[in-house]
Engineer: 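Got a structure here, written out as structure tokens. Questions coming.
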There are 2 protein chains.
Amino acid sequence: MAYRQTNKVKEKLDHKKREIIKTAREVFAENSYQGTSIKTVAKKAKIATGTLYLYFTNKESLINMIVDEMFSELLGCIKDERAMYTDGFDKLQASMEACIKVFIKEKNMAKILLIQVPGVNNAFNSRLIEIENELIKLTKEDLDELKTQGRLSGDDTLVSAMAFVGSFRQVIINWLREEKPENLEEAFATLMRYNLRGLGKA
Amino acid sequence: MAYRQTNKVKEKLDHKKREIIKTAREVFAENSYQGTSIKTVAKKAKIATGTLYLYFTNKESLINMIVDEMFSELLGCIKDERAMYTDGFDKLQASMEACIKVFIKEKNMAKILLIQVPGVNNAFNSRLIEIENELIKLTKEDLDELKTQGRLSGDDTLVSAMAFVGSFRQVIINWLREEKPENLEEAFATLMRYNLRGLGKA
DNA sequence: TTATAAAATGAATTTTGGTTCATTTATATA
DNA sequence: TATATAAATGAACCAAAATTCATTTTATAA
């Protein structure tokens, strides 16, 4: 044999793959999945379109990789943050605080998850919806626990969990779209108070 | 001249245009804007693809017409319902009740407005955002009024208004996507209580 | 009834965007 | 340095979907 991939090259390729993913996240965040073309991603990543296909078998596998990463990144942060508390209300707060932290740090992820989500028509979107539902499920579990402890109003915990998540979601979306409210951290405190009252914290 | 459009024909054309719009709403609601083809719309409306272009200059003008109509239909209902009350809390409730009523009656509208929203850079998508922001604005006005009356907690009314609208939005989206909660009317009552507590109704 | 113009048709054309592949460039070993 | 193989290129290819247009059908008025 006259050639075998060396470590240096392997690292270079890895780095290039990360570069493609990073660029794709930016492009998907601005336009939707259906709205962005592979050619655009390739051009922005400064590679030929054919090169992209050396790293990903097709458009779908690229977006799948992105969603998989976002999935574990976000839910990982949430679970880490929650693990620091045992009290139900604290865990609730921890979940949303983790979300906000990640979204502030990774605005592109927030845009893909919250703005570009829409229809359920392709595999990509249904994965995104999965993340959302997972968060609602976690929230509902906290609420059920608090309810059995008698520390909550008797309302339907599923609806309450959706209201809880939805209120955060809306504020974050507006922040992403038009920088209103300007200070998301501050809004977070307001939101937390709003929802604790809403839940009927006893 | 040997031919001039008569009233009977004019009416027939009008009716056909309505028929196309109605069909398109159904198709756009199921697939997204980008996901539906003109041919599908035409076939479902039982006309040739070319015929559709006699009524709309292109795909975009069709969706624009649809969004324009939804815009006035929904906001019209909201304003009508609000006009029946003077008290701030009543007006708040009236807004959301109007939304829910319209969405239950016109599920296709709800799906297009809340789920099939495509990417950000689309002209008609900004109209959708307009509707959402208009509702938040109306809500904020109610909250400001209530605040000056000292009937509300002192929290930021913009964030509260977003939380308010967002909580409803989330529940309606889940209802559209997976029929959970099953009974939207009942969820509405729960949501209303949740938000009134959240607002710090005094 | 017939001539004329409107309305409708759907196959043909154009556009768009994902994917491939023959060719070129870079890298590693002898 | 020469050679074999990996990696990269981007024009060409292909499929799907938007749009057009030559032709046919329908409606009006003389």
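Just so we're on the same page: letters track the sequence lines, and every chain starts at 1.
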Engineer: Taking T36(B)'s backbone N and O only, do any of them form a donor-acceptor pair with K59(B)'s side chain (distance below 3.5 Å, no angle check)?
Structural biologist: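 Looks like yes, one N/O pair under 3.5 Å.
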Engineer: To the nearest Å, give me how far apart CD1 (I20(A)) and C1' (dA8(D)) are.
Structural biologist: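 Rounding to the nearest Å, CD1 of I20(A) and C1' of dA8(D) are 11 Å apart.
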Engineer: Reading nucleotides 21-26 of chain C 5' to 3', which nucleotides get B (base under 4.0 Å from a protein heavy atom), which S (sugar-phosphate only), which -?
Structural biologist: ------
Engineer: Between I47(B) and T36(A), just flag the one whose closest nucleotide in DNA chain C comes earlier from the 5' side.
Structural biologist: I47(B)
Engineer: Taking all heavy atoms of E132(A) and all of Q170(B), pick out the closest pair and write down the distance.
Structural biologist: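 Closest approach of E132(A) to Q170(B), heavy atoms only: OE2-NE2, 2.8 Å.
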Engineer: Heavy-atom nearest nucleotide on DNA chain D for T49(A) versus Y55(A): which residue maps closer to 5'?
Structural biologist: Y55(A)
Engineer: Rounded to the Å, how far apart are L62(A) CG and dG18(C) P?
Structural biologist: 11 Å
Engineer: Choose from dA7(D), dT28(D), dT19(D) the nucleotide whose nearest atom is closest to any side-chain atom of I38(B).
Structural biologist: dT19(D)
Engineer: Rounded to the nearest Å, what distance is computed from the CD1 atom of residue I63(A) to the P atom of nucleotide dG18(C)?
Structural biologist: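 The distance from CD1 of I63(A) to P of dG18(C) comes to 12 Å, rounded to the nearest Å.
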Engineer: Atom CG of N31(A) and atom P of dG17(C): how far apart are they, to the nearest Å?
Structural biologist: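 It works out to 11 Å between those atoms.
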Engineer: Could you work out which one of dA8(C), dG18(C), dA7(D) sits closest to the side chain of L54(A)?
Structural biologist: dA7(D)
Engineer: Whole angstroms only, please: what is the CD-P distance between E19(B) and dA7(C)?
Structural biologist: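 Taking atom P of dA7(C) as the reference, CD of E19(B) is at 18 Å.
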Engineer: Among D144(B), T139(B), D142(B), find the one that has a side chain to side chain donor-acceptor pair (under 3.5 Å) with T157(B).
Structural biologist: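 Among the candidates, only D144(B) passes.
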Engineer: How would you list, by chain and number, every residue that makes a ring-ring contact (aromatic ring centres under 6.0 Å, His included) with Y194(B), sequence neighbours excluded?
Structural biologist: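 In terms of ring-ring contact (aromatic ring centres under 6.0 Å, His included), with neighbours along the sequence ignored, Y194(B) is linked to no residue.
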Engineer: Give a yes-or-no answer on whether the side chains of N108(B) and E30(B) include a donor-acceptor pair shorter than 3.5 Å.
Structural biologist: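 Checked: N108(B)/E30(B) side chains show no N/O donor-acceptor pair below 3.5 Å.
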Engineer: Taking 4.0 Å as the cut-off, does a side-chain nitrogen or oxygen of Q34(A) come that near to OP1 or OP2 on dG17(C)?
Structural biologist: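 For Q34(A), the contact criterion (side-chain N or O under 4.0 Å from OP1 or OP2 of dG17(C)) is not met.
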Engineer: Side chains of I104(A) and E185(A), heavy atoms from C-beta outward: is any pair under 4.5 Å?
Structural biologist: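 Yes, side chains in contact.
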Engineer: What is the distance from NZ of K46(A) to P of dA7(D), rounded to the nearest Å?
Structural biologist: 23 Å
Engineer: Do E186(B) and P181(B) come within less than 4.5 Å of each other through their side chains, counting heavy atoms only?
Structural biologist: no
Engineer: Starting at CD of Q5(A) and ending at P of dA6(D), how long is that distance when rounded to a whole Å?
Structural biologist: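 Going from CD in Q5(A) over to P in dA6(D) covers 9 Å.
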Engineer: Taking only N and O in the side chain of K39(A), is any of them less than 4.0 Å away from OP1 or OP2 of dG17(C)?
Structural biologist: no
Engineer: Taking atom P of dG18(C) as reference, at what distance in whole Å does atom CG of L52(A) sit?
Structural biologist: 10 Å
Engineer: Heavy atoms under 4.0 Å, any strand shown: does K16(A) hit a base, just sugar-phosphate, or nothing?
Structural biologist: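 Sugar-phosphate only.
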